[in-house]
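We number each residue from 1, following the sequence as shown. Side-chain atoms are counted along with the backbone in the values below, which use heavy atoms only and exclude waters and symmetry mates.
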Amino acid sequence: MTNSETKLTKKQIAILEAATELFAEKGYAGTSTSEIANKAEVAEGTIFKHFKSKKGLLLSIVSPMMVKLIAPMVKNDMNKVLDQDFEHFQDFIRAMIENRKAFIKKNLPLLRILIQEIPFHPELKEQFIEHIGKDIFSRLRNIVEHYQAKGQLIQTHSDTIIRIVASSIFSYIIARYVIVPDGDWNDEEEVERIIQVLENGIVPRE
């Protein structure tokens with residue numbers, strides 16, 4: 001099956017749209033093929049005819065999304081921050097958080113699927129690393145080393161700092177927009193608390 005939507009039939013497009021909405025809302029495991037078929041207004045057998053299995057349907061959604069949509073968008077969007085020279089590392093973190101929040105708000109249904117399913121599907125994890133992780137990590141290493149040279153970060157392996165910062169940012173964003181989006185959030189205060197916690201661990205003591 002081609003990844004080009006121009007070559008998809010109307011039924012295939014309806015199935016992909018229905019599956020995207022249901023996977024984002026209920027998760028992959030919580031969605032049945034019969035629910036997808038009902039929402040797409042097709043016979044359940046049509047799903048298996050075109051996509052072989054529910055897993056095949058998931059990969060048909062995420063794989064093209066990763067290669068054609070998410071990877072270029074993530075890179076181009078993050079470059080808006082990575083290309084800037086912030087005076088302080090804390091300003092870089094604030095800009096990165098705001099950048100990721102805006103990106104996720106614009107692409108929430110597809111990203112919700114990605115966030116929910118990557119831990120359970122090795123194929124998705126490999127695609128994420130191949131199309132996004134390698135390039136971004138290389139640039140982030142240079143940025144960490146830049147702030148280490150300025151004395152704003154402790155002298156430890158740059159990958160360790162990247163993992164600490166990334167896990168703090170993404171745990172906040174995932175909680176904010178995926179797990180408890182209706183919670184009582186004060187985003188400005190939350191970001192400042194994240195930066196304070198990071199400062200206690202990765203900023204040198206005076």
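In this structure, K54 contributes its side chain and T31 its backbone to a donor-acceptor pair below 3.5 Å. Not a single donor-acceptor pair under 3.5 Å links the side chain of E44 to the backbone N or O of T33. Under the 3.5 Å distance criterion, the side-chain polar atoms of K52 are left unmatched by any main-chain donor or acceptor of I47. Judged by distance alone, the side chain of S168 and the main-chain N or O of I164 form a donor-acceptor pair under 3.5 Å. The backbone N or O of E87 sits less than 3.5 Å from a side-chain atom of Q152, completing a donor-acceptor pair. Under a 3.5 Å cut-off, the side chain of E98 and the backbone N or O of A95 do not form any donor-acceptor pair. For the pair Q90 (side chain) and I195 (backbone), a donor-acceptor distance under 3.5 Å is absent.
Note on F23: it clusters hydrophobically with I174, by side-chain heavy-atom contacts below 4.5 Å among ILVMFWY residues. Placement of F48 and I13 in two distinct hydrophobic clusters is found when ILVMFWY residues are connected by side-chain heavy-atom separations under 4.5 Å, directly or transitively. Residue I162 is grouped with residue I143 when hydrophobic side chains (ILVMFWY) are merged at heavy-atom distances under 4.5 angstrom, including chains of intermediate members. Follow the hydrophobic side-chain contacts under 4.5 Å out from V197 and you never reach L153; the two are in separate clusters.
For the atom pair I161 CD1 and R141 CZ, the distance stands at 12.5 Å (nearest 0.5 Å). In this structure, the separation between CD on Q148 and CD on Q155 is 4.5 Å, given to the nearest 0.5 Å. The distance from atom CD1 of I173 to atom CG of D187, rounded to the nearest 0.5 Å, is 10.0 Å. Expressed to the nearest 0.5 Å, how far CZ of R163 lies from CG of L140 amounts to 12.0 Å. Note that CZ of F137 is 5.5 Å distant from CG of D159, once rounded to the nearest 0.5 Å. If you take CD on E199 and CD1 on I194, they are separated by 12.5 Å, rounding to the nearest 0.5 Å.
Other residues, nucleotides and ligands contribute over 12 non-hydrogen atoms within 6.0 Å of the NZ atom of K150. E145 CD: more than 12 foreign heavy atoms inside a 6.0 Å radius. In E188, the CD atom is not crowded: 12 or fewer heavy atoms of neighbouring residues, nucleotides or ligands sit closer than 6.0 Å.
When all heavy atoms are compared, the tightest approach of A40 to A14 is CB-O, 3.6 Å. Of all heavy-atom pairs between A18 and I36, the closest is CB-O, 3.8 Å. What you find for V81 and F86 is that their closest heavy atoms are O-CE1, 3.7 Å. The heavy-atom pair separating G151 from P204 by the smallest distance is O-CG, 3.4 Å. Scanning both residues, Y147 and H88, for their nearest heavy atoms gives CE2-C, 3.7 Å. Of all heavy-atom pairs spanning A43 and A37, the tightest one is C-CB, 4.1 Å.
In this structure R193 satisfies the salt bridge (charged side-chain N to carboxylate O under 4.0 Å, His left out) test together with E189, E190, sequence neighbours excluded.
Inter-residue side-chain proximity for L82 and N142 is flagged as unmet; no heavy-atom pair is nearer than 4.5 Å. With a 4.5 Å cut-off on side-chain heavy atoms, D91 and Q84 do not count as touching. Side-chain contact between Q12 and I15: absent, with no pair of heavy atoms (C-beta onward) separated by less than 4.5 Å. Inter-residue side-chain proximity for V180 and W185 is flagged as met; some heavy-atom pair is nearer than 4.5 Å.
Under a cutoff of 6.0 Å and an axis angle of 45°, K101 and Y177 do not form a cation-pi pair.
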Item to check | Chi angles and distances behind the side chain to side chain contact (heavy atoms under 4.5 Å, CB included) call for F89, H146 | outcome: CA-CA 9 Å; F89 185 72; H146 168 72; over 6 Å; no
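Using a cut-off of 4.0 Å between Lys/Arg side-chain N and Asp/Glu carboxylate O, D182 and R176 are scored as not salt-bridged. Between R94 and E192 there is a salt bridge, since a side-chain N of the basic residue sits under 4.0 Å from a carboxylate O of the acidic one. Here E17 does not pair with K39 in a salt bridge; the nearest charged N to carboxylate O distance is not below 4.0 Å.
For the pairing with V191, the side-chain contact (heavy atoms from CB on, under 4.5 Å) check across I97, I93, I169 returns one residue only, I97.
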